[in-house]
Undergrad: 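First, the structure itself, so that you have it in front of you.
The basis for the numbers below is simple: all heavy atoms, side chains too, and nothing from hydrogens, waters or symmetry mates. Each residue takes its place number in the sequence, starting with 1.
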Amino acid sequence: MKYHNTKKLIFVISIILMALNASAQSDLSSPYSRFGMGDVFTGSPNTILKGMGGISNAISDHSILNPNNPASYGAIDSLSFLFDAGFYIKTATFSTSNMSEKGSNASFDYASIGLSATKWWKMGLGITPYSNREYNDITTHNDLGKYNIDFKGEGGLSRVFFANAFKITKNLSIGATASYIFGTLSDLTSIYFPDSTYYINGKRSIDNRINDFKFDYGLLYTIPIKDSRLNIGLTYSQGSNINSKRDIFIRSMFKGYDDLVENPIDTLKFKENENVAIKIPHGFGAGITFEKGNRWMIGADFNWTGWKGFELNGVNDSLQNSWNIAVGGEYKPKATSISKYYKKITYRAGFHYDQTYYNINGTSINKFGITFGLGLPVPRSLTSFNIALEFGSMGTTSNNLVKENYFNISIGMSIYDRWFVKRKYK
């Protein structure tokens, strides 16, 4: 590899390491993240796809990295190197029937690379979020005198993946991804009597440290139609049992709430490195896109995951099967090297509707979002900056539940470079 490519590779690795470090930070999540594995990321893995409602199952392009379907890497040019990274800003308002609260957060989102091993074998490597947990709920009770129960949680899981695609024929690719899921999900439950500092209070903290592999598969088939093409994509996520170590600490104390210093009395239970079995369910997806040359594309996705089969140490946590429908597309005005800049911009839009895996007291927690996006090319290069906006809502204020109205801004950089072309001059 030439010296200038080595410098680029060092830069790319540095970005991925930054994403790896950022993955350990808690994100802004819904109060429902106390259930299951928290808010599981089921949307698009990059800014380009986020701008199109999240469609991804049938997206296959030589300049787009699409980890949701590993077979999509088969479209990578044999002489090219692709790099994509992004971050996002989220603001949200959480509302009940009688109160509301606002929050915001900014975080590094993802980083990935794609390249060709041979003409028929293409590879991808990267890191994306898998789930996030951050909540703080307090309930008040009066059956034994006034006391509060405070539920708090934080942490999250990340996914480092290694994707492989194989060109079976000119129009057919299959792929497989090995993902390493890692991180910690922490829960703290406190019971205390706010009207007296002389009553005995209690705390229970649980830390689940998760680290294991899961596997996903994909297929992409292209049907040429004159100057257009129809893409059909299928994905399958294999169910698996993943390893987890759990630390439990239950104790009694005086005070220990509302910033009052905890005065310990007794340790009721303390156990480290307890083996805990987590059963991750299987899922599948299907998608279709129609492309008209390099001018426009439209597509739709359907995804389903059997979260009723999820178990954490034998407990399902009242989860339901989840599903998602997404529709979106992009349009690029006819552009040449001398066209005005706005004709070189790619315009994107879409929407999605999700039944999440949360089902609280018989009420399904659903989600809806509308997205818009832009692809802004950098002059005299194959690099582009991408922006995606999403307006959406999740949940309901009925049955004493919480509704979230959110606004997301995603910003990504996509580099498409010729790294493996031999120079014809010295």
Side-chain angles (χ1 to χ4, degrees), residues 42 44-46 48-49 52 54-84 112-126 128 159-180 213-240 282-294 296-305 324 326 328-330 382 414 416-421:
T42 57
S44 296
N46 63 46
I48 293 175
L49 303 178
M52 295 187 286
I55 60 172
S56 60
N57 291 332
I59 297 292
S60 180
D61 187 271
H62 69 284
S63 61
I64 296 178
L65 295 176
N66 176 19
N68 278 10
N69 188 338
S72 67
Y73 286 82
I76 296 176
D77 189 287
S78 59
L79 300 177
S80 300
F81 181 93
L82 279 73
F83 169 70
D84 197 2
S112 61
I113 61 175
L115 70 162
S116 176
T118 68
K119 290 184 178 180
W120 51 269
W121 175 22
K122 313 300 170 67
M123 299 185 300
L125 178 69
T128 64
R159 178 175 76 111
V160 173
F161 65 87
F162 177 51
N164 294 270
F166 305 94
K167 295 282 289 186
I168 306 302
T169 67
K170 180 180 179 181
N171 298 319
L172 175 64
S173 295
I174 60 174
T177 299
S179 299
Y180 182 68
F213 288 90
K214 69 181 296 290
F215 300 91
D216 304 281
Y217 310 94
L219 178 148
L220 264 167
Y221 185 69
T222 299
I223 303 174
I225 306 175
K226 296 183 179 180
D227 62 341
S228 306
R229 63 175 186 169
L230 183 71
N231 298 315
I232 300 172
L234 300 174
T235 62
Y236 177 74
S237 180
Q238 179 179 325
S240 60
H282 71 285
F284 66 85
I288 186 170
T289 61
F290 182 79
E291 301 179 45
K292 182 67 173 179
N294 295 321
W296 58 267
M297 182 270 292
I298 190 170
D301 274 9
F302 175 79
N303 298 284
W304 178 93
T305 304
N324 154 273
E330 65 178 16
L382 298 175
S414 180
Y416 179 90
D417 202 3
R418 297 280 183 172
W419 278 29
F420 304 105
V421 177

Undergrad: For the pair L220 and L172, evaluate side-chain contact (heavy atoms from CB on, under 4.5 Å) and give the outcome as yes or no after the intermediate values.
TA: CA-CA 6 Å; L220 264 167; L172 175 64; over 6 Å; no
Undergrad: With sequence neighbours left out, write down each residue that passes ring pair (Phe, Tyr, Trp, His ring centres under 6.0 Å) with F290, or none if nothing qualifies.
TA: W296
Undergrad: Looking at CD1 of I48 and OG of S414, how far apart are the two atoms once the value is rounded to the nearest 0.5 Å?
TA: 4.5 Å
Undergrad: Applying ring pair (Phe, Tyr, Trp, His ring centres under 6.0 Å) between H62 and each of F81, Y73, Y416, report the one that passes.
TA: Y416
Undergrad: Checking the side chain of T118 only, and the main-chain atoms of W120 only, is there a donor and an acceptor separated by less than 3.5 Å?
TA: yes
Undergrad: Begin from the C-alpha positions of N324 and T42 and carry the test side-chain contact (heavy atoms from CB on, under 4.5 Å) through to its verdict.
TA: CA-CA 9 Å; N324 154 273; T42 57; 5.7 Å; no
Undergrad: Under the criterion ring-ring contact (aromatic ring centres under 6.0 Å, His included), I'd like the reasoning laid out for Y236 against F284: C-alpha separation, chi angles, the key distance, then a yes or no.
TA: CA-CA 4 Å; Y236 177 74; F284 66 85; 8.1 Å; no
Undergrad: Is the backbone N or O of I76 less than 3.5 Å from a side-chain atom of K122, with the two atoms forming a donor-acceptor pair by type?
TA: yes
Undergrad: Show the numbers, then the answer: is there a side chain to side chain donor-acceptor pair (under 3.5 Å) between D216 and S237?
TA: CA-CA 4 Å; D216 304 281; S237 180; 2.7 Å; yes
Undergrad: Atom CG of L65 and atom CD1 of I59: how far apart are they, to the nearest 0.5 Å?
TA: 13.0 Å
Undergrad: If I compare all heavy atoms of A58 with all of G233, which pair ends up nearest, and what's the gap?
TA: CB-N, 3.7 Å
Undergrad: Please report the interatomic distance CD1(I232) to OG(S60), rounded to the nearest 0.5 Å.
TA: 12.5 Å
Undergrad: Measuring from M297:CE to E330:CD, what's the distance to the nearest 0.5 Å?
TA: 4.5 Å
Undergrad: Of the non-hydrogen atoms in R159 and P67, which two are nearest, and what is the gap between them?
TA: NH2-CB, 4.1 Å
Undergrad: How many angstroms lie between atom OG1 of T289 and atom CG of D301, to the nearest 0.5 angstrom?
TA: 9.0 Å
Undergrad: Mind listing the closest non-hydrogen atom pair of T177 and F161 along with its distance?
TA: CG2-CB, 3.7 Å
Undergrad: Show the nearest heavy-atom pair for residues L49 and N66, with the distance to one decimal.
TA: CD1-OD1, 3.5 Å
Undergrad: Decide yes or no on side chain to side chain donor-acceptor pair (under 3.5 Å) for T222 and N231, but give the supporting numbers first.
TA: CA-CA 5 Å; T222 299; N231 298 315; 2.9 Å; yes
Undergrad: Ignoring hydrogens and geometry, is there a side-chain-to-backbone donor-acceptor pair from D84 to S112 under 3.5 Å?
TA: no
Undergrad: Would you check, one step at a time, whether the test side-chain contact (heavy atoms from CB on, under 4.5 Å) holds for R229 with K292?
TA: CA-CA 7 Å; R229 63 175 186 169; K292 182 67 173 179; over 6 Å; no
Undergrad: Should the heavy atoms of other residues, nucleotides or ligands under 6.0 Å from CG of N171 be counted, would the total exceed 12?
TA: yes
Undergrad: How close do A117 and M123 get, counting heavy atoms only, and between which atoms?
TA: CB-CE, 4.0 Å
Undergrad: Starting at CD1 of I298, measure out to CD1 of I288 and round the result to the nearest 0.5 Å.
TA: 11.0 Å
Undergrad: Which atoms form the tightest heavy-atom contact between A165 and A71, and what is the distance?
TA: CB-O, 3.9 Å
Undergrad: I'd like to know if the side chain of N68 pairs up with that of N57 as donor and acceptor (distance under 3.5 Å, no hydrogens or angles considered).
TA: no
